[in-house]
2 protein chains.
Amino acid sequence: MFKIDEVARETGLTKRTIRYYEEIGLMPAPQRSEGGTRQYTQAHIEHLQRVISARDVLGFSLQEIQEYMDYAQALTGQRELYPQIREPERQLEKLREMDGTLEAQLRALDEKVSKILAMKQELEQFRDRVTAGIARIEKEQDQSEAKITEGKNS
Amino acid sequence: MFKIDEVARETGLTKRTIRYYEEIGLMPAPQRSEGGTRQYTQAHIEHLQRVISARDVLGFSLQEIQEYMDYAQALTGQRELYPQIREPERQLEKLREMDGTLEAQLRALDEKVSKILAMKQELEQFRDRVTAGIARIEKEQDQSEAKITEGKNS
DNA sequence: AATAACGTTGACGTCAACGTTAGATTTATC
DNA sequence: GATAAATCTAACGTTGACGTCAACGTTATT
């Protein structure tokens, strides 16, 4: 059982943000103590970490994250998908729709990765130029120091 | 020479956004016509596309993109890095600072990629569950259809 | 040369995602 | 059991990234 300050430290979010995420339904409301203090569990922390991941990595808006989490919930939680729907016709429709969006998401992720890798290459080239510049200046400094030393020794 | 509407169509940004990016210095101000109409070149479009990429893929704020672009400018444009600085001591300092931030950026990118891959795996599992569900329902439908056919044939 | 279509500059509006502050309560510490 | 430290709610403030609108000038078209 954690209180909000520990959760904040653990996740890197502020307390305000944590309460805000609960407020907009992005997070299950935790138990409360007698006096009303929120009591979080490990599951809450993990939930938040997934939210953060989706926010930072995918760049989703909080609303989109909301939908995504509901989605994930439906997919991991239950044994049957959409058991509430009786007609197999409608079930199939729903599932095919999900399949389509999942495929689209996967393709989007692939594109993201390749773009990131391209940018990474660019940054590596920059870094190489910078380290080369550093090496050159250091060498020049060494040489002028050597000259000074030589002068002293003569 | 493009006018703003073509640039908007080409990049997918709105005209307002394009002017805004110029306003906050995220984009070099283009030439103007006699009457003050902005005249963009291909280079402007490419610049914008890189901005969009950084915004969407990396999730940078416009300020961060700004810094990154300045950075890239300094590194690709000139032959010498910081030639305006005379003292090699200060130059070294600057270069080492750049090297540090570049390394940090590279690590951040690596982390992003690995997070994306993790999320991708999760999505793939979801997809597999969904396709399995689809297959199951289709099979059940086939069987009931077969029974009906059988009934007809008897 | 008239008119439509497009461009420009303010200026204010908006929306998401929190930050901040105040004042009351609760929990922890001595 | 007093005092300090942390939490709570409620409400208003802020910031980034644009949208929207008015009033006006510029290009294009017929």
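Here is the naming used below: chain letters follow the sequence lines, and residue numbers restart at 1 for every chain. Values in this document were obtained by computation on a predicted structure and should not be read as measured data.
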Watson-Crick and G-U pairing of DNA chain C written in dot-bracket, each distance under 3.5 angstrom, with | for inter-strand partners: ||||||||||||||||||||||||||||||
Could you pull out the closest heavy-atom pair between [X] and [Y], with the gap in Å?
X     : Y     : result
B/A8  : B/K15 : CB-CG, 4.1 Å
B/I65 : B/A54 : CG1-CB, 4.0 Å
A/G59 : A/E64 : O-OE1, 4.5 Å

Going by side-chain hydrogen bond (donor to acceptor under 3.5 Å, both in side chains), name the residues that satisfy it together with B/S114, two or more places apart in sequence or in a different chain.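 Here no residue qualifies.
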Please list, in numerical order, the residues of residues 38-56 of chain B that have a heavy atom closer than 4.0 Å to any atom of DNA chain C.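 Within residues 38-56 of chain B, the residues near DNA chain C are B/R38.
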Considering residues at least two apart in sequence or located in another chain, which fulfil the salt bridge (charged side-chain N to carboxylate O under 4.0 Å, His left out) criterion with [X]?
X      : answer
B/E124 : none
A/E138 : B/R96
A/E23  : A/R16
B/E140 : B/R136

Measure [atom1]/[X] against [atom2]/[N] and give the value in whole Å, please.
X     : N      : atom1 : atom2 : answer
A/K15 : C/dT20 : NZ    : P     : 12 Å
B/L13 : D/dC18 : CG    : C1'   : 11 Å
A/Q66 : C/dA16 : CD    : P     : 13 Å

Ring-plane angle category for B/Y68 and A/F126, please: parallel below 30°, perpendicular beyond 60°, tilted otherwise.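 Correct class here is tilted.
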Within a radius of less than 6.0 Å around CD of B/E122, do more than 12 heavy atoms belonging to other residues, nucleotides or ligands occur?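 Counting other residues, nucleotides and ligands, CD of B/E122 exceeds 12 neighbours.
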Take atom CD of B/E89 as the centre, draw a 6.0 Å sphere, and report whether it contains more than 12 heavy atoms from other residues, nucleotides or ligands.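 At most 12 heavy atoms, drawn from other residues, nucleotides or ligands, come within 6.0 Å of this atom.
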Checking the side chain of B/Q121 only, and the main-chain atoms of B/A118 only, is there a donor and an acceptor separated by less than 3.5 Å?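 No: the side chain of B/Q121 does not pair with the backbone of B/A118.
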Going by the rule ring-ring contact (aromatic ring centres under 6.0 Å, His included), which residues pair with B/H44 if we only count those two or more places apart in sequence or in a different chain?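 So B/H44 forms a ring-ring contact (aromatic ring centres under 6.0 Å, His included) with B/Y40.
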Nucleotide nearest A/I4 when distance is taken to its side chain, options D/dA17, D/dT7, C/dA17: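 When the side chain of A/I4 is considered, D/dT7 is the closest of D/dA17, D/dT7, C/dA17.
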Please table the atom pairs, donor to acceptor, closer than 3.5 Å between any side-chain atom in residues 98-111 of chain B and protein atoms at least two apart or in another chain.
residue : atom : partner : partner atom : Å
B/T101  : OG1  : B/Y71   : OH           : 2.5
B/T101  : OG1  : B/E97   : O            : 3.4
B/T101  : OG1  : B/M98   : O            : 2.9
B/E103  : OE2  : A/R127  : NH1          : 3.4
B/D110  : OD1  : A/K120  : NZ           : 2.8

Nucleic acid contacts of residues 17-31 of chain A, taken as heavy-atom distances under 4.0 Å to DNA chain D: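 Heavy-atom cutoff 4.0 Å gives A/R19.
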Enumerate the protein-to-nucleotides 12-14 of chain D contacts in which both atoms are nitrogen or oxygen and the separation is below 3.5 Å.
none

Would you list the protein and nucleotides 26-30 of chain D atom pairs, both N or O, that sit under 3.5 Å from each other?
residue : atom : partner : partner atom : Å
D/dT27  : OP1  : B/S33   : OG           : 2.7
D/dT27  : OP1  : B/G35   : N            : 3.0

Evaluate salt bridge (charged side-chain N to carboxylate O under 4.0 Å, His left out) for A/E6 paired with A/K3, printing each intermediate quantity in order. CA-CA 6 Å; A/E6 313 178 65; A/K3 22 193 1 187; over 6 Å; no
